[in-house]
Protein chains: 4
Amino acid sequence: MTEHHGNRYGRSERARQAVLEAADDLLVERGFAGVTIEGIAARAGVAKQTIYRWWPSKVDILMDAFIDDMAQHLTPPDHGDLGLDLRTHLSKLADFLTRSDAGAVFRALVGQAQHDPDLAIRLRADYLGQQRERDRLPLSRAVERGELPPDTDLDLAIDQLVGPIHYRVLVTGEPVPRHVTDALVHHFLVQHQPVAPSQPSRQR
Amino acid sequence: MTEHHGNRYGRSERARQAVLEAADDLLVERGFAGVTIEGIAARAGVAKQTIYRWWPSKVDILMDAFIDDMAQHLTPPDHGDLGLDLRTHLSKLADFLTRSDAGAVFRALVGQAQHDPDLAIRLRADYLGQQRERDRLPLSRAVERGELPPDTDLDLAIDQLVGPIHYRVLVTGEPVPRHVTDALVHHFLVQHQPVAPSQPSRQR
Amino acid sequence: MTEHHGNRYGRSERARQAVLEAADDLLVERGFAGVTIEGIAARAGVAKQTIYRWWPSKVDILMDAFIDDMAQHLTPPDHGDLGLDLRTHLSKLADFLTRSDAGAVFRALVGQAQHDPDLAIRLRADYLGQQRERDRLPLSRAVERGELPPDTDLDLAIDQLVGPIHYRVLVTGEPVPRHVTDALVHHFLVQHQPVAPSQPSRQR
Amino acid sequence: MTEHHGNRYGRSERARQAVLEAADDLLVERGFAGVTIEGIAARAGVAKQTIYRWWPSKVDILMDAFIDDMAQHLTPPDHGDLGLDLRTHLSKLADFLTRSDAGAVFRALVGQAQHDPDLAIRLRADYLGQQRERDRLPLSRAVERGELPPDTDLDLAIDQLVGPIHYRVLVTGEPVPRHVTDALVHHFLVQHQPVAPSQPSRQR
DNA sequence: AGATAATCGAGACGGTACGTCACGTCTTCTT
DNA sequence: AAGAAGACGTGACGTACCGTCTCGATTATCT
């Protein structure tokens, strides 16, 4: 890819990358209010018009940055054991939400989505759909393996597993340590485990 | 209360009410971005300085408006039965979050809190603490009645019950119908019911 | 006059002066294209909005500055002698147009008026009318004194006297030295002097 | 001339014409400020780069358009009579300045020249020099015929004749009807007519 | 019965960021 | 080589609100 300043046959990849990085950096450094089009343009060494040419608003920039970051993340493992898979997945999810830069962008986007129905729709279309697919994987595999009954309501199950984590992150602000995610998985398994009366031990 | 333009010994209640109502109206009519100090002042027939004298920022105005609205809401009932209490409470909570004007203000405040750590702190101090007390009531009463074991982790229980509801409201945007809240309560009860090994049926 | 930052009972005189001076300075230093609202605001230490509050455009600022500068200028003398009055007046006019800062502003305004009919109208209303009155004074006094016939077309006379000066200044760019203005006056007097056939000398 | 999009051996005459016409049209339709390179390019169906390749600025385009229009205009007639020649010439000049499209372009260029010394120089080099030659013709012929004394200052004479017309057009905005140009000629002839003491009538 | 001082309305002020327009330069592909 | 197309960095435009300030009017209490 040759360096150029743009022409009709394609936009400048250099400008695109610089904008996404600048937006990401500004969000982490100064918070959502500190992300301004002018600030991004100045930090990225890019013209405001170039930003407006390709992104309708600053949240679209953050969305692009977020999608780029998320490309390969949060795909749950497959150990062939529901409990282990879930514990690993939820723990990673909690870490992502509370500790990573991408998680900070996600929180900002979800926050802004409360004020902006269009953003909410795009966020669901561009990210949450895929994420829900990933969240569903360990469960559907468990159904196939017979670990879960075939009539299990997987959507409700996902809400039960990831809902409390998001609630802590977005509402109460409490941390989500490992023992919390493990406890969520434990209670979930209790609900659905075929009750085998004579073997009471089902803890990991 | 007589109309007046200021006096030496106290603020104008009329101005306070007008500001809170204007802020509320603007939020509902034009969304969070449409709530501006200048807009509130103009609609309330109040000087900007009067607003700045009494509120540090527009979110404080919304918070005041919200607290006023919430004064007596969402106190869970006491039927003496954990399942019934929880089903009623969660259903009301879901309605509040998804359907009421106050719920719209709450969603806006939670959204803004993602960008504004100070607001997050105030929101927890001024509202969430009380709300969590109310959420805890049915559970603590159940412990006293012996419906739940005394070592139950009530905080985790609350997260399990209200977390999925908030997750739907704030993140996925899906509705929270009655059968969802009932299912949440059902699964919660299954987890904590003293396991009676020889009677596998545990559906209500 | 107490220093203040503006209130409903009057604008800031300090800001007004600073804006007019900044505009004047920028015109002289960088030319008309160098006069920008942002530049004026920056140099005057004033907010752009303050400029837009009081002036519709940059030419209005220059007009104000010009009117201020012109308040007491170019009033022709009264020596009781038409030739002397006119020679003095035209010479001062030429100096004003070619050498003074105010003249530079005038040339810029006349230039812009070629592109902007509204400005042309305002320029005539706010300045040229008064200036024409001043130009007319020596002539009307001469009529009263009997130096000029009472049916003299004074408007045409003014055009004949000041027209060539403006032509040089605005069109050909040639200088307008004293001998040129004197020659204009001389020829004008020749035209209108009552022809006394037997006394050919009529030069001063 | 075949339609083409560039070739190796010379510029596109089609593009040149389209640019000049577009510039002219925009000036007449939207005024000087409405003439932009981007607007010309769009209307002419020409790339911006093509314009920049051949003209340094938009005023150069207007200048080209103006010179094209002016090729054969305003050459004064030769009736062998100074008064008649001048009356005809000045009347045509006034019409050109006040009524023609080319006159509108000329006024715009003179206006812009007040802000742009480079343009002023080019305008004088490319147009005013030739025009001054044309203005001088009737006078120099009159000198040759003996109608004017050989020591007449022709430059001053031209300024006296065309100066007031330009003054009205550029400064006061008054119309320049026939009787005004005739009066200018009349007064000019009075100045220079050899004084014949015994015949006072010298009106045309 | 005033006098008085905090509060009120109004709105001008110095700022920041917005989103748009046109500039003049560039790169690419076509003719 | 010249042209059409259009992306690029640049800078000014005019607008919307921000939070601060000053002003004159209002009015409940205190002298």
Side-chain angles (χ1 to χ4, degrees), chain A residues 2-12 14-15 33 35-39 41 44-54 56-58, chain B residues 2-12 14-15 33 35-42 44-54 56-58, chain C residues 2-12 14-15 33 35-39 41-42 44-54 56-58, chain D residues 2-12 14-15 33 35-39 41-42 44-54 56-58:
Chain A
T2 158
E3 279 267 343
H4 66 91
H5 280 205
N7 60 64
R8 70 182 295 202
Y9 303 99
R11 61 193 284 191
S12 161
R14 184 202 129 272
V35 181
T36 67
I37 302 285
E38 303 223 321
V46 144
K48 272 167 66 178
Q49 188 56 56
T50 297
I51 297 180
Y52 284 109
R53 207 189 322 273
W54 301 110
S57 75
K58 74 175 185 180
Chain B
T2 159
E3 282 257 350
H4 67 93
H5 282 193
N7 68 64
R8 191 175 172 181
Y9 301 96
R11 66 189 286 190
S12 159
R14 181 198 135 273
V35 181
T36 67
I37 300 287
E38 304 225 322
I40 294 170
V46 144
K48 276 167 63 180
Q49 188 55 53
T50 299
I51 297 180
Y52 282 109
R53 207 191 319 275
W54 301 110
S57 77
K58 75 174 185 177
Chain C
T2 158
E3 279 268 343
H4 65 94
H5 281 206
N7 60 64
R8 68 181 299 202
Y9 303 99
R11 61 193 285 192
S12 162
R14 184 201 130 273
V35 181
T36 65
I37 300 285
E38 303 222 322
V46 144
K48 273 168 66 179
Q49 189 55 53
T50 297
I51 297 180
Y52 284 109
R53 206 188 324 271
W54 300 110
S57 75
K58 74 175 184 178
Chain D
T2 158
E3 282 258 349
H4 66 93
H5 283 194
N7 68 62
R8 192 171 170 185
Y9 304 99
R11 67 190 285 193
S12 159
R14 182 198 134 275
V35 181
T36 66
I37 300 286
E38 304 224 322
V46 144
K48 277 166 62 179
Q49 187 56 52
T50 300
I51 297 180
Y52 283 109
R53 206 189 317 276
W54 301 109
S57 76
K58 75 175 185 178

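Every heavy atom of this structure was used, including side-chain atoms; hydrogens, water molecules and symmetry mates were not. Naming: A, B, ... by sequence-line order, numbering from 1 per chain. Note that this is a predicted model, so its numbers are computed, not measured.
Residue D/Trp54 places no side-chain N or O under 4.0 Å from the OP1 or OP2 atom of F/dA2. C/Arg14 has no side-chain polar atom (N or O) that falls below the 4.0 Å cut-off from OP1 or OP2 of F/dT22. Between A/Arg11 and F/dC8 there is no side-chain N or O to OP1 or OP2 distance below 4.0 Å. Of the side-chain N and O atoms in C/Ser12, none sit less than 4.0 angstrom from OP1 or OP2 of E/dA12.
In terms of position on DNA chain F, the residue among B/Gln49 and C/Thr36 whose nearest nucleotide sits closer to the 5' end is C/Thr36. Between D/Ser57 and C/Thr50, the residue anchored nearer the 5' end of DNA chain E, judged by the nucleotide with its closest heavy atom, is C/Thr50. If you find the closest nucleotide of DNA chain E to B/Ala47 and to C/Ala47, the one lying nearer the 5' end belongs to B/Ala47. Nearest-nucleotide positions on DNA chain F for B/Glu38 and D/Arg53 put D/Arg53 closer to the 5' end.
A/Lys48 contributes no side-chain N or O that forms a donor-acceptor pair with the base of F/dG9 under 3.5 Å.
Taking every heavy atom of both residues into account, A/Ala47 and A/Ala41 meet most closely at C-CB, 4.3 Å. Minimum interatomic distance between C/Ile37 and C/Lys48 (heavy atoms only, all atoms of both residues): CG2-CG, 4.3 Å. Here the shortest heavy-atom pairing between B/Ala15 and B/Val46 reads CB-CG2, 4.0 Å.
No engagement by A/Gly39 is indicated, since no non-hydrogen atom pair under 4.0 Å with the nucleic acid exists.
Atom OH of C/Tyr52 is separated from atom P of E/dC13 by 15 Å (rounded to the nearest Å). Rounded to whole Å, the distance from CD1 on B/Ile51 to P on F/dG19 is 11 Å.
For the atom pair CZ (B/Arg53) and OG1 (B/Thr50), the distance works out to 5.0 Å, reported to the nearest 0.5 Å.
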